[in-house]
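Keep in mind that the numbers below use all heavy atoms, side chains included, and drop hydrogens, waters and symmetry copies. Order of appearance sets the numbers: ligands from 1, and atoms from 1 within every ligand.
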Amino acid sequence: MRFETLAIHAGERPEVTFGAISVPIYQTSTFAFETVGKTRGYDYSRTANPTRKVLEDTIAQLEGGKAGFAFATGMAAEATVMHLLKAGDHIISGDDVYGGTYRLFQDVMRDFGLEFTFLRLDDRQKIEAAIKPNTRMLWLETPSNPLLNIVDVEMVAEVAKKHHILTVIDNTFATPYFLQPIKYGIDLVVHSTTKYLNGHCDVVGGAVVTTTDELTQRVQFLLNAMGTCASPFDCWLVLRGIETLPVRMRQHEENALAVANYLTQHPAVKTTYYPGLESHPGHEIARRQMKGFGGVVSFETKGGRERVNTFLKRMEIFSLAESLGGVASLAEHPATMSHASMPKEHRGKVGITEELVRLSVGLENVDDLTDDLRQALEPG
Ligand SMILES: Cc1ncc(COP(=O)(O)O)c(C=O)c1O
């Protein structure tokens, strides 16, 4: 089956008891045993749940992986993955990862004896030079949040394989519709399903996709032991979102490209970041490894913080809100919102300025979106 068909039919669908086309929500904590020691396939919903199972199978198949796991949030998925490691291990991470990921690494996992090096993953020699005898994991995000930097996934996976280092990619921005990292040799894929996979801003969720039996068993163990799983209802919402993922992603991209082109020619805009623009430094790599460039566009205004504040206040269709990937367009200010948890010096180092705005371009009529940008950028 091809991607669009899998998005609708992967996993056990229709369900076997009554043939329900919409996956039933098994809103139960526990399951009656047939007899002592014999279940009907499920015993307790922390360990496994039939609604969750359909979502997990669907995400695994869309990513081309071995098994999928659904978590309460993207951060729950990431925290669980970090427990594959132990005190004394060293991790190389992209330097411009999501602010919450940076916070998890620096302010939580370091206290458990993990050691981190944050690096721009744009050069093979630089990565090789950062590898230490205790390096166990390489963490990457592409396109990155919020600067849309592109990492050459195949190159990074190759370097890591050579040194027997586990690779983890946060594929939230691209989604498996635009990027299938496992094809390039990545070991584990994580998602904030809160974003495009769900697509409607009505759930927070996360996912992990594995590539080996060993990783599958370990992630299943950790999910159950740590209790980081998603609820049945949330799984159902994400499943429903995934059914329309391909059509949504195509339209997100079409609208995002139009918005990026609009911004590049606007006199009040200093820089536009969108990997679909030929001027973007990662454009060629993105074109090679991705099927599309996604729906997030970031830009810097001229005129400092005052202009940014006025712009964010004047928007009418774009809402000033955290998150991204939903049908409704959102705008946010990374320095005070999504990346506020990143220290100012680190933000400065990676290029997240006070003038930077991130747009999650939704599925509204694109002329209405550019009209909104125009009136917000040109007050008075
Ligand atoms: C790229 C990326 N990864 C992970 C997360 C964390 O996901 P969640 O908010 O679902 O915990 C986010 C949230 O914004 C994100 O943008």
Side-chain angles (χ1 to χ4, degrees), residues 55 59 63 69-82 93-109 118 121 139-151 153 168-179 181 186 188-209 223 226-231 234-235 237-238 241-242 249 252 273 275 290 293-298 319-326 330-342 347 350 352 356-361:
L55 173 61
I59 297 180
E63 287 285 359
F69 296 95
F71 291 86
T73 66
M75 292 318 300
E78 296 190 13
T80 305
V81 163
M82 294 319 286
S93 166
D95 62 353
D96 57 344
V97 290
Y98 166 57
T101 304
Y102 183 86
R103 176 175 56 195
L104 171 72
F105 293 171
Q106 285 290 72
D107 300 341
V108 182
M109 300 316 302
F118 293 92
L121 303 172
W139 186 287
L140 62 144
E141 193 179 300
T142 181
S144 66
N145 180 4
L147 287 165
L148 292 318
N149 285 313
I150 299 294
V151 177
V153 179
V168 185
I169 191 166
D170 184 335
N171 202 23
T172 298
F173 268 46
T175 83
Y177 184 64
F178 283 148
L179 175 67
I186 292 290
L188 281 171
V189 180
V190 301
H191 278 283
S192 167
T193 57
T194 313
K195 310 297 182 320
Y196 290 107
L197 293 185
N198 169 263
H200 295 78
C201 291
D202 50 15
V203 78
V204 283
V208 173
V209 176
L223 173 147
M226 296 172 66
T228 40
C229 58
S231 80
D234 288 355
C235 289
L237 285 169
V238 178
I242 288 177
M249 291 316 289
H252 276 298
Y273 302 91
M290 297 170 76
F293 303 104
V296 179
V297 179
S298 295
S319 296
L320 175 60
E322 303 264 9
S323 204
L324 58 105
L330 305 177
E332 69 109 15
H333 182 235
T336 57
M337 295 168 72
S338 63
H339 289 67
S341 56
M342 199 178 249
R347 283 203 306 268
V350 299
I352 301 172
L356 186 73
V357 172
R358 187 190 74 191
L359 301 176
S360 172
V361 182

task = Return the minimal non-hydrogen interatomic distance between Asp202 and Leu237, and the atom names on each side.
result = O-CD1, 3.7 Å

query = Considering residues at least two apart in sequence or located in another chain, which fulfil the side-chain contact (heavy atoms from CB on, under 4.5 Å) criterion with Ala230?
reply = Ala70, Cys235

message = Run the side-chain hydrogen bond (donor to acceptor under 3.5 Å, both in side chains) test against Tyr98 and tell me which residues pass, sequence neighbours left out.
response = none

task = Tell me, please, which residues at least two apart from Ser338 pass side-chain hydrogen bond (donor to acceptor under 3.5 Å, both in side chains).
result = Glu332

query = Arg358 and side-chain contact (heavy atoms from CB on, under 4.5 Å): which partner among Val297, Leu324, Leu147?
reply = Leu324

Find all protein N or O atoms under 3.5 angstrom from an N or O atom of ligand 1 and list the pairs with distances, or write 'none'.
unit_1: ligand 1; atom_1: 3 (N); unit_2: Asp170; atom_2: OD2; d: 2.6
unit_1: ligand 1; atom_1: 7 (O); unit_2: Ser192; atom_2: OG; d: 3.0
unit_1: ligand 1; atom_1: 10 (O); unit_2: Gly74; atom_2: N; d: 2.9
unit_1: ligand 1; atom_1: 10 (O); unit_2: Ser192; atom_2: OG; d: 2.8
unit_1: ligand 1; atom_1: 10 (O); unit_2: Thr194; atom_2: OG1; d: 2.6
unit_1: ligand 1; atom_1: 11 (O); unit_2: Gly74; atom_2: N; d: 3.1
unit_1: ligand 1; atom_1: 11 (O); unit_2: Met75; atom_2: N; d: 2.9
unit_1: ligand 1; atom_1: 14 (O); unit_2: Lys195; atom_2: NZ; d: 2.8
unit_1: ligand 1; atom_1: 16 (O); unit_2: Asn145; atom_2: ND2; d: 3.0

task = Verify whether the ring centers belonging to Phe118 and Tyr102 lie closer than 6.0 Å.
result = yes

